[in-house]
Amino acid sequence: MPRYFLDFQDGDMWLRDDEGQDYESLQAARDAAIAALPDIGRETPPPDGKRAFVAYVRDEAGAHLCTVRLDLAADCDPKGQARDR
């Protein structure tokens, strides 16, 4: 079974996976990265309400195979006049 590494970026913060994990396929590793991003996004948001989370899937040779991105943005209008639907 191939070993893949899931690295995560949250703004300027990086979490590099030095151990990796065995997955049945690249798609399974990609799915694991997708599943992890919402958990990371539950942390306290910054004052501007915007965050970008990125997961990178690498193989054992260090080749970058997938990028998974989750963008969060909160826009508020205190007067209640601007609405995006």
Side-chain angles (χ1 to χ4, degrees):
M1 202 175 300
R3 180 167 290 265
Y4 294 98
F5 299 80
L6 307 180
D7 302 324
F8 294 93
Q9 180 183 9
D10 177 1
D12 293 333
M13 187 177 75
W14 279 84
L15 178 61
R16 182 177 169 87
D17 180 0
D18 292 324
E19 295 180 25
Q21 187 169 334
D22 295 336
Y23 292 97
E24 290 184 20
S25 65
L26 175 58
Q27 182 173 344
R30 181 208 65 182
D31 291 350
I34 290 170
L37 286 179
D39 289 333
I40 295 169
R42 286 187 177 91
E43 296 177 14
T44 304
D48 68 359
K50 295 174 177 32
R51 279 177 102 169
F53 305 96
V54 185
Y56 301 96
V57 179
R58 293 180 289 119
D59 65 11
E60 290 183 273
H64 171 226
L65 304 175
C66 292
T67 301
V68 178
R69 180 178 202 82
L70 176 65
D71 292 313
L72 299 175
D75 296 312
C76 298
D77 180 356
K79 297 178 184 175
Q81 296 176 353
R83 293 188 177 208
D84 292 62
R85 294 191 185 227

Ala33 to Leu6 - nearest heavy-atom pair and separation =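 Taking Ala33 first and Leu6 second, the nearest heavy atoms are N-CD1, 4.1 Å.
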key: Which atom of Ala52 lies closest to which atom of Asp71, heavy atoms considered   =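 Minimum heavy-atom separation between Ala52 and Asp71: CB-OD1, 3.3 Å.
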query = Any chain of hydrophobic side-chain contacts (each under 4.5 Å) joining Leu15 to Val68?
reply =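 Same cluster.
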message = According to a hydrophobic-cluster definition based on side-chain heavy atoms being under 4.5 Å apart (Ile, Leu, Val, Met, Phe, Trp, Tyr only), do Ile34 and Tyr4 belong together?
response =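 Yes, Ile34 and Tyr4 fall within the same hydrophobic cluster.
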task = I would like to know whether Val57 and Tyr23 meet side-chain contact (heavy atoms from CB on, under 4.5 Å); could you show each step before the answer?
result = CA-CA 11 Å; Val57 179; Tyr23 292 97; over 6 Å; no
Gap separating the CD atom of Gln9 from the OG1 atom of Thr67, nearest 0.5 angstrom =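 Reported to 0.5 Å precision, the distance equals 10.0 Å.
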Just wondering, do [Y] and [X] contact through their side chains at under 4.5 Å, heavy atoms?
{"X": "Pro2", "Y": "Asp59", "result": "no"}
{"X": "Leu72", "Y": "Phe53", "result": "yes"}
{"X": "Leu37", "Y": "Phe8", "result": "yes"}

Can you check whether [Y]'s main-chain N or O pairs, donor with acceptor, with [X]'s side chain at less than 3.5 Å?
{"X": "Arg30", "Y": "Leu65", "answer": "no"}
{"X": "Gln27", "Y": "Ala29", "answer": "no"}
{"X": "Arg3", "Y": "Glu19", "answer": "yes"}

ask   = Tyr56 vs His64 aromatic rings, parallel, tilted or perpendicular, using cut-offs 30° and 60°?
value =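 It falls in the perpendicular class, over 60°.
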